[in-house]
Amino acid sequence: MTTFAAPLRLRLDGGALVNNWRWLQRRSGTAACGAAIKADGYGTGAVQVMRRLLDAGCRDFFVSSWTEAASLEHLLQDGVNLSVFHGVRVEDMGRALSSKARPVLCTADQIARWKSASGGLCDVMVDTGMNRLGLDRRSDVAAQMSGLSVSTLLSHLASGDEDTDLSTQQLERFSDLRAHVPAGRYSLANSAGICLGQPYAFDLTRPGLALYGGIPRPEASEGIAQVVFPQAQVLQRRFVPSGDSIGYNATHLARTDTEIAVLNLGYADGYLRCFSGRGVVSAGETHLPVVGRVSMDLIAVDVSAMPSVKEGDWLDIDYDLPAASALSGLSQYELLTSLGPRFDRVWF
Ligand SMILES: *Cc1c(COP(=O)(O)O)cnc(C)c1O
């Protein structure tokens with residue numbers, strides 16, 4: 001008996017995921033190391049990621065919304081925390097109050113809402129210079145928080161992946177907050193922040209990108225390994241005579257007789273058109289160029305160098321995140337989170 005398999009799959013390296021988390025944990029020093037698993041674990045599958053990191057000892061998880069939290073609640077156990085970054089809108093209150101996850105309160109209105117509902121344990125986000133979510137650091141944060149039961153006070157780095165004064169300013173501002181605003185724990189660093197060094201770690205770090213193999217700063221390349229390996233199946237091998245064009249709008253002209261393989265992968269799967277004529281696919285050790293435009297569901301690869309590649313074969317899509325980012329102009333975050341639902345996700 002055979003089970004149905006899609007013609008495209010993400011091979012996901014569970015060992016690499018756990019090793020990446022352990023490396024980030026070591027770099028976090030005495031701080032606990034959590035995990036950002038929003039956007040379905042950056043496209044890899046949040047349930048699988050949370051299971052594996054729970055087994056490895058991770059106790060703090062972060063998602064963006066209550067819908068994301070609901071799909072993970074069955075994995076919560078004593079001593080495990082799940083925080084919802086975007087806090088509580090009016091529409092969220094029902095779910096939030098009956099959830100074992102807790103909100104990261106970001107605005108004065110959210111705080112008022114949580115207090116008047118006697119919502120219980122929460123986290124609070126303060127903005128220290130990114131001007132995204134969070135209370136204004138220049139306001140009386142401690143006064144606003146009084147009456148709340150705050151587990152963790154958070155802030156978020158805007159430019160941790162660059163060498164800029166903004167990170168040091170945010171570090172100083174957050175240290176100042178810690179001195180004046182009582183909370184159970186303090187947390188500032190994402191993946192890039194962990195690479196910036198121990199002073200950024202405080203009590204709890206919140207890596208996302210690097211868990212999944214992203215390299216936010218050069219320091220991470222020594223310890224972070226690729227997790228996500230896309231593969232696609234060959235639907236057809238064909239001969240393209242010299243002078244013919246390949247694909248939509250005939251952007252690629254075969255200058256010599258060429259053999260191509262047409263693969264079941266396209267921009268609807270997150271392999272976006274910026275890989276047209278730039279992407280690389282591998283058959284074993286041989287690197288093969290993507291030729292012509294990426295279609296919605298298909299790409300063409302020049303396999304002239306590989307007479308053995310045939311219909312039904314699986315080829316590896318080169319998806320080393322820093323390299324694919326340089327090639328495509330997409331961020332490593334976009335490369336991960338755009339990978340679509342048509343991939344079979346296969347952990348190994
Ligand atoms: C997404 C997110 C993180 C994780 O950031 P990475 O750069 O992926 O490590 C941490 N904190 C907050 C508030 C976030 O939104």
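Count residues from 1 along the sequence. As the structure lists them, so they are numbered: ligands from 1, and atoms in each ligand from 1.
A salt bridge links Arg342 with Asp297: the closest approach of a Lys/Arg side-chain nitrogen to an acidic carboxylate oxygen falls below 4.0 angstrom. Remark: Arg217 engages Asp163 in a salt bridge, criterion side-chain N to carboxylate O under 4.0 Å. Looking at Asp176 and Arg173, no side-chain N of the basic residue comes within less than 4.0 Å of a carboxylate O on the acidic one, giving no salt bridge.
Side-chain contact, Ser304 with Asp302: a donor N or O sits under 3.5 Å from an acceptor N or O. Under 3.5 Å, the side chains of Gln170 and Ser155 contain no donor-acceptor pair of N or O atoms.
With distances taken over non-hydrogen atoms, the option nearest atom 2 (C) of ligand 1 out of His86, Met125, Lys38 is Lys38.
Less than 4.0 angstrom separates some heavy atom of Ala36 from each of these atoms of ligand 1: 4 (C). In summary, the atoms of ligand 1 found under 4.0 Å from a heavy atom of Gly208, numbered by their order in the structure, are 4 (C), 6 (P), 8 (O), 9 (O). Atoms of ligand 1 found under 4.0 Å from any heavy atom of Arg132 (numbered from 1 in listed order, with element): 15 (O). When each atom of ligand 1 is checked for a heavy atom of Leu209 under 4.0 Å away, the hits are 6 (P), 8 (O), 9 (O). For ligand 1, the atoms sitting less than 4.0 Å from at least one non-hydrogen atom of Tyr42 are 1 (C), 4 (C), 5 (O), 6 (P), 8 (O), numbered in the order shown with element in parentheses.
Counting non-hydrogen atoms of neighbouring residues, nucleotides and ligands closer than 6.0 angstrom, the CZ atom of Phe239 exceeds 12 such neighbours.
In terms of protein heavy-atom proximity, atom 9 (O) of ligand 1 is nearest to Ser191 OG, 2.6 Å. Protein heavy atom nearest atom 13 (C) of ligand 1, with residue, atom name and distance: Phe85 CE2, 3.5 Å. Protein heavy atom nearest atom 11 (N) of ligand 1, with residue, atom name and distance: Arg206 NE, 3.0 Å. At the shortest separation from atom 7 (O) of ligand 1 among protein heavy atoms lies Tyr333 OH, 2.6 Å. Looking only at heavy atoms of the protein, atom 5 (O) of ligand 1 is closest to Asn190 CB, 3.3 Å.
The proximity of Pro207 to ligand 1, defined as any non-hydrogen pair under 4.0 Å, is limited to the backbone. The proximity of Phe62 to ligand 1, defined as any non-hydrogen pair under 4.0 Å, does not occur for either the backbone or the side chain. Neither the backbone nor the side chain of Met130 has any atom closer than 4.0 Å to an atom of ligand 1 (non-hydrogen atoms only).
In this pair, Tyr42 and Tyr333 present their aromatic rings tilted. The plane angle is within the 30 to 60° band.
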- For Phe202 and Leu154, run side-chain contact (heavy atoms from CB on, under 4.5 Å): C-alpha distance rounded to whole Å, both residues' side-chain angles, the deciding distance at 0.1 Å, then the answer. CA-CA 10 Å; Phe202 293 88; Leu154 291 79; over 6 Å; no

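Not close to ligand 1: Gln332, with no non-hydrogen atom less than 4.0 angstrom away. Using a non-hydrogen distance threshold of 4.0 Å, Ala192 does not register as a contact of ligand 1.
Distance check, rounded to the nearest 0.5 Å: CE of Met125 to OG of Ser187 gives 8.0 Å.
Between Thr44 and Val228 there is a side-chain heavy-atom pair separated by less than 4.5 Å.
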